[in-house]
Structures are given as C-alpha cells and as structure tokens.
Visitor: 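Got a structure for you, questions after.
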Amino acid sequence: MESKRFVLLDIDYITENDKAVIRLFGKLKGDEEGKSIIVLDKSFKPYIYVVPNDEEQCIEDLNEFDVEMVGWARKGYMGENKDFLKVTLYHPQDVPKLRDKIRSIDSVKDIMEHDIPFYRRYLIDKAIFPMAEVLVNGECLDNNSVNFMCESDVCVFEMKGDPKPIDSEFPELKTLSFDIEVHNPKGMPQAEEDPIIMISLSSNQGLQTVLSTKKSSLEFVETLKTEAHMLERFVEIVKSENPDLLIGYNSDNFDMPYIRDRATKLNVKMRIGTDGSGLKFMRRGYTNSALVKGRIHVDLYLLSRRYLQLDRYTLERVYKELFDEQKVDVPGDEIFEYWDDGGEKLKTLFKYSLDDAVSVTKIGEKLLPLSMELTRLVGQPFFDIARMATGQMVEWYLIRKAYEIGDMVPNKPSSSQYSERRGKKAEGGYVKDPVKGLHENIVSFDFRSLYPSIIISKNVSPDTLVLKCENEECYIAPELGHKFLKKPVGFVPSIIGNILKERVKLKNQMKDAVNPREKQVLDVQQQALKRLANSMYGVYGYSRFRWYRIECAEAVTAWGRDFIKKTMLKAEEYGFKAIYADTDGFYATFLPENEDISE
DNA sequence: GGGGGCCGGGG
DNA sequence: GTGTACGGCCCCC
C-alpha cells in the first residue's frame, strides 16, 4: 500500500464493467509535487431514500426492482427523526431510470435525495473538498490497464478505503489563459468557413505566446505551417504547461465551440484533458459550458457578471474597471483587414491578440480567489462554482450541512409546486421616499447583516415554523403573526450563526496578521462567508429552493421593517429627522431646534 | 402593470 | 448525467 497526498481539482465518474468508478483529478503534493494524479474509487454506490406508506409491503415491492440493497436509515426531517428506506442501486444511471417507477407504486409515499449527481454525492458523503488537499491509500496502476488514454507522466492510482480530507492552505494554481482570433470578412465568424488565424496564450508563470499561420519579427509569435498545425501546437503547449486552470473570456460560448468545430473540420484531436480526453460540452439551461477533464475551464465573462456591477461586460470594459487602464483595441469587424494588410497593421493585431490573453490572466488573478474560497466552503467542484448562481451555492452548502448533521434533504419543487410558488412574493424591506432638497448635518444609520441577524435571533427556519404555539415559547412575527419555536435552534439559523461566528474569527485573525499575503487570504475567506450569509435569506423566498418557505421570507422582512421603523421613531425622539430609508438603514438630519424640513 | 420576447459576450 | 438553470430591458397591450 502506498499513500498519496494531492490538491483535489476535479471529480467525475466513468463506467467500467457496468460499475461506476469515481475519478478524483488532482495535483500531487510532497515528493512528486506538481505531477498530475487520477485516483479511482470503485467502491462508492448510488442510493436514494424512500418514504414508505406501508412498511412491509414497501420493502417487498422495492426488492422486486433490480436494486442492490434495501435497508432502514434514520434521518432528521422537519425537526423530528424519521425512518426512511435507503435503496442502494447498481449504477447512478439506474436512479433516473427507476425513480419514477418507484415513486408511483402504492406502498411508496415519496422518494428523497434522488437528484443529487453522483460526483456531488461522493464529495459530500466522503467529506472532501475541491481546492483542498486529500490523502488516499492504495496502489499505482499501469496507465495501459485503464480504459482512458492518459499520458505516461500522469499517475493513475486505485484507492482502497476512504479518502481523508486534510486541513490545508490555499493552493497555488497554475493557470493558462487563451484567446483566438478569426478571419471573418463576412460579419460574425462562421466556423464552417472562417479559419482561426491566431491562438494567444498567457500563463501566470511567464509564458506569453501567440501561435499564428503568419510570420512576424515580434519575438512572442510562433509561426506554424497550417491552421491544423496551430491547433496541434496548442494541444502540445497545454500538455507541457499542464495548467490546473484554463481560462478564457466568453470561451464557453465562443472560443471553445469554435476550436471544436475547426478541429473537427481539420481532423485534429484536441486531447487536452489530463485523462487524454477532448473537449466536452454541456447544455446548462440557456447557455453552454465547455469542459476539459482534469483541468478546470473557467470563463471569466460569467465571473465578471457576477462580481462586478457594470453597464457592459466586454473584456475591455472589465479590464478598465479593474486596472483603470485602456487596452489596445481592434474592432472585431476589422480584424480580417489588419490580417490581410500585413505590415504594421498585422503587428498591431499580434499585440492585441497577446494583450487579450494577458488581460485574461490579470483579470483572473483578481476574480478567481473568491470563487476558490467559495469552492472550499461550499465543497462542490470549481468548474460548477464558477458557473453557479449564489443561491445555488447556498443550496449545495446546506445540502452538505444537512448530511453532516444527519438531516434529510428536502426535494426540489415539482413543476406544479414551482408555478404555485412563483405566484407568491414576500413583501420587501421598508422604503421611505427621500425628502426632496439639499440636507445638512446628515447622519446615517444601518444594521449590520440585518436579515441574517433576524433569522438567528428569531430562529426563523422551516423546521421551527409552527401553526399553533400553546405550550412552547415562540417568536411571533409582526403584521402576519407567523410563529417560530424558540427552541431548539433551527437548521438554517444554526448554520448562519456558525458562518457569522467564523467570519468574526477571520476578521480578528486579519487584524493580527502581519504577512500581507496571509491577510489577503483571510480577507477573501471572510468575503466568501459574507456572500454566503447574505444570500441565505433569499433561500426562503426563491421558488426553486429546497428550503423554500414563504412564511419564513415574509417573517424576515416583516421583522426587518419593524426594526427599522422602531429605530427611526427612537431617533426622532432624540431630535433626528429621517429623510430617507431603505431596508436596513436610514439617513437623518439632526435638528436640535426641531425645525420642520418637510415640504 | 404585467406578460412575452430578446439579448448578453465573442470575431 | 442521481442534469435541463438567468435577469434585465424593451415593447406592446
């Protein structure tokens, strides 16, 4: 037996002899630092839970299906412990195949946790986190003995027992940014006709290259005979640089699909995955995403939209925002002219192309740390986190926490529940329209984390919400009268409580930190916690959520309105006059003589 | 004011 | 892949 320690970058599963095999993709630590590893775990089994109507009959019925095992499991649900039937299946694909049939039998009331993707289930159940270190025991395999084709310098390892999470530092990742230029004289590029003329590459370790089919005196230009050679050279560079992250700008929807289409046309195999696989594309609702196995493809366009508040999100605009510098710009519809003209124009185009890739690297350095921390916090793959709405992050965070404390995860709403929920909207925060005019002696007041604080102090949670409150002590929301048990502490309040406590701890550590790098890391960690805590209130009011409860959303905002109004009244007793208020704060003027300023 | 349709980025 | 997901703005009624 050998053991390996590595930073977990990505995870998926493949099928071998009809059995699912989990693959953990990582970068080794210690003796073989920086080498890629693919760890195989053949022992993990898919499962779902069943809520029985008739226990005996249900077990009998379930055993009629082609399932591996049926057994009892005790789980917390809505504040009580209940017994569920845990059904272990042979293959993850059996879940979508069998779940509707299982749900529809008479002895079954409902099915639970049937829509948690296998790789996510693995991360949660094994308590391991992407972007953190993991220790595994087992043995190295011969790369030729596995049914994927990876390079000889990749360590393939079969795991025995469980992976062990290691409390680890923020990992240093190797990034490679890329950008393509296309010869498109007839408007938007058409992959069928318009060739790729340049591929620019920039790593965070100094590489700056532009591959092209034209020559140049510029030292960063590498000339290839044909477009096909250029694509092959791109594959070669990715393999030799072996980056953890591949970064582009709008690359999910432009560069990657374009590269795929040209490569197909030119019969080039884009084997840039650590396991020797090519580009994969996934439909994610309204957009696509491109993935490269073992590396993490990140599209900074998505992150820019999430983290920056701008009117437009062009690469140029985002760069200007973050660095306050103007980039060299070549309008998209003139690129072909710069190319055709040659000379100085071509030189400008080469510079522009490289500048785009370098800008992507620089923007990545600013935006990626927060996503990295969210990945370590939420515990889902970086690839997913970089494409997830904050609300979804909250949900996956809660799912992990539910597993940790032995709680059952509520189901997602059915389409009828969803449309019913969509009709309801909780009233928002209190807003006082601003008093017109120019005001002097302004003071401002605001609550720190108002909604998270209300959830904690009033124990607002789906599992503490009660219809009647006779023998127990309850908190009763203003206006609507929703009731919440004072004890025990609810699921969501306890989690927000821990997040806020952890954040205070980090902020104190930040004060004491002397090393600027350490301070910076702590700062990003506390920002990630803040993001999560602040979006947690939304869980209650968003119709797609598993922990949706409109009463909780209504109660939180009702208390919020109550607090702000009461505070304003109190302030008025002391001679302040509120001139504007919104949700968690207000502005007031101080008028000791009580002059009347309203119109 | 509410529902439906379109678009974002990329060259 | 134990998938199938946005949100803001404009127009029109």
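Small disclaimer: the values here were computed from a predicted structure and weren't measured. When reading the values below, keep in mind they use all heavy atoms of this one structure, side chains included, and skip hydrogens, waters and symmetry mates. Lettering of chains follows the sequences in order, A, B, ..., and the numbering in each one begins at 1.
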Visitor: Nearest whole Å is fine: how far is C/dG3 C1' from A/Ile399 CD1?
Guide: 13 Å
Visitor: Please state how far atom CD in A/Gln380 lies from atom P in C/dA5, giving the value in whole angstrom units.
Guide: 18 Å
Visitor: With both distances kept under 3.5 Å, what pairs with C/dG7, Watson-Crick or G-U wobble?
Guide: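 For C/dG7, the partner nucleotide comes out as B/dC7, under the 3.5 Å rule.
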Visitor: I want to check a possible cation-pi pair here: A/Lys101 against A/Phe65, using under 6.0 Å from ring centre and within 45° of the ring axis as the test.
Guide: no
Visitor: Expressed in whole Å, how much space separates the P atoms belonging to C/dG8 and C/dT4?
Guide: 22 Å
Visitor: Could you check how far CG of A/Asp252 sits from C1' of C/dA5, rounded to whole Å?
Guide: 14 Å
Visitor: Write down the distance between CG (A/Asp12) and P (C/dG1), rounded to a whole number of angstrom.
Guide: 9 Å
Visitor: Would you indicate what A/Met282 reaches in the nucleic acid, counting non-hydrogen atoms under 4.0 angstrom: base, sugar-phosphate, or nothing?
Guide: base
Visitor: Just to verify, what does A/Tyr258 make a ring-ring contact (aromatic ring centres under 6.0 Å, His included) with, not counting sequence neighbours?
Guide: A/Phe254
Visitor: Which value, in whole Å, describes the distance between the C1' atoms of nucleotides C/dG7 and B/dG11?
Guide: 26 Å
Visitor: Between A/Asp355 and A/Lys351, is there a side-chain N and carboxylate O pair less than 4.0 Å apart?
Guide: no
Visitor: Could you tell me whether A/Asp311 and A/Arg317 make a salt bridge, using a distance below 4.0 angstrom between a side-chain N and a carboxylate O?
Guide: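 A salt bridge links A/Asp311 with A/Arg317.
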Visitor: Should we count CE of A/Met78 as having more than 12 external heavy atoms under 6.0 Å?
Guide: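 Yes, CE of A/Met78 has more than 12 neighbouring heavy atoms, counting only those of other groups under 6.0 Å.
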Visitor: Phosphate oxygens OP1/OP2 of C/dG3: is one of them under 4.0 Å from a side-chain N or O of A/Lys280?
Guide: no
Visitor: Provide the distance between the two P atoms, one in C/dA5 and one in B/dG8, to the nearest whole Å.
Guide: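 Comparing P positions in C/dA5 and B/dG8 gives a spacing of 22 Å.
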Visitor: Considering every strand and a 4.0 Å limit on heavy-atom distances, what is the contact class for A/Tyr13: base, sugar-phosphate, or nothing?
Guide: sugar-phosphate
Visitor: What is the distance from CG of A/Leu89 to C1' of C/dG1, rounded to the nearest Å?
Guide: 15 Å
Visitor: C/dG1, OP1 or OP2 - any side-chain N/O from A/Arg120 closer than 4.0 Å?
Guide: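 Checking C/dG1 against A/Arg120, no side-chain N or O comes under 4.0 Å of OP1 or OP2.
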Visitor: Could you pull out the protein-nucleic contacts involving nucleotides 8-11 of chain B (nitrogen or oxygen on both sides, under 3.5 Å)?
Guide:
{"unit_1": "B/dG8", "atom_1": "O3'", "unit_2": "A/Tyr301", "atom_2": "OH", "d": "3.4"}
{"unit_1": "B/dG9", "atom_1": "OP1", "unit_2": "A/Tyr313", "atom_2": "N", "d": "3.1"}
{"unit_1": "B/dG9", "atom_1": "N9", "unit_2": "A/Asn250", "atom_2": "ND2", "d": "3.2"}
{"unit_1": "B/dG10", "atom_1": "OP1", "unit_2": "A/Leu315", "atom_2": "N", "d": "2.8"}
{"unit_1": "B/dG10", "atom_1": "O4'", "unit_2": "A/Asn250", "atom_2": "ND2", "d": "2.9"}
{"unit_1": "B/dG11", "atom_1": "OP1", "unit_2": "A/Asp179", "atom_2": "OD1", "d": "3.3"}
{"unit_1": "B/dG11", "atom_1": "O3'", "unit_2": "A/Glu181", "atom_2": "OE1", "d": "3.1"}
{"unit_1": "B/dG11", "atom_1": "O3'", "unit_2": "A/Val182", "atom_2": "N", "d": "2.9"}
{"unit_1": "B/dG11", "atom_1": "N2", "unit_2": "A/Asn184", "atom_2": "ND2", "d": "3.2"}
{"unit_1": "B/dG11", "atom_1": "N2", "unit_2": "A/Gly187", "atom_2": "O", "d": "2.9"}
{"unit_1": "B/dG11", "atom_1": "N2", "unit_2": "A/Met188", "atom_2": "N", "d": "3.4"}
{"unit_1": "B/dG11", "atom_1": "N3", "unit_2": "A/Asn184", "atom_2": "ND2", "d": "2.7"}

Visitor: Need one value for A/Lys412: base, sugar-phosphate or nothing, where a base atom within 4.0 Å counts as base even if backbone is also close, heavy atoms only.
Guide: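 A/Lys412: backbone/sugar contact only, no base atoms under 4.0 Å.
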Visitor: Could you check whether A/Arg544 gets within reach of a base, just the sugar-phosphate, or nothing at all, counting any heavy atom under 4.0 Å?
Guide: sugar-phosphate
Visitor: What verdict does the side chain to side chain contact (heavy atoms under 4.5 Å, CB included) test give for A/Asn53 and A/Asp106, after you've listed the backbone C-alpha separation in whole Å, the side-chain angles of each residue and the deciding distance to 0.1 Å?
Guide: CA-CA 8 Å; A/Asn53 262 328; A/Asp106 288 340; over 6 Å; no
Visitor: Between atom CG in A/Asn288 and atom P in B/dC7, what is the gap in whole Å?
Guide: 17 Å
Visitor: Looking only at heavy atoms, which two atoms of A/Glu395 and A/Phe545 are closest? And how far apart?
Guide: OE1-CD2, 2.9 Å
Visitor: Provide, to the nearest angstrom, the distance between the CZ atom belonging to A/Arg306 and the P atom belonging to C/dA5.
Guide: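 Checked: the CZ to P distance equals 17 Å.
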Visitor: Quick test of your reading of the model: are A/Glu337 and A/Lys345 salt-bridged, counting only N-O distances below 4.0 Å?
Guide: no
Visitor: Which is true for A/Pro46 with a 4.0 Å heavy-atom rule: it touches a base, it touches only sugar-phosphate, or it touches nothing?
Guide: base
Visitor: Sticking with atom C1', work out how far B/dG10 lies from C/dG3, rounded to a whole angstrom.
Guide: 26 Å
Visitor: Output the rounded distance in Å from CG (A/Asp10) to C1' (C/dG1).
Guide: 14 Å
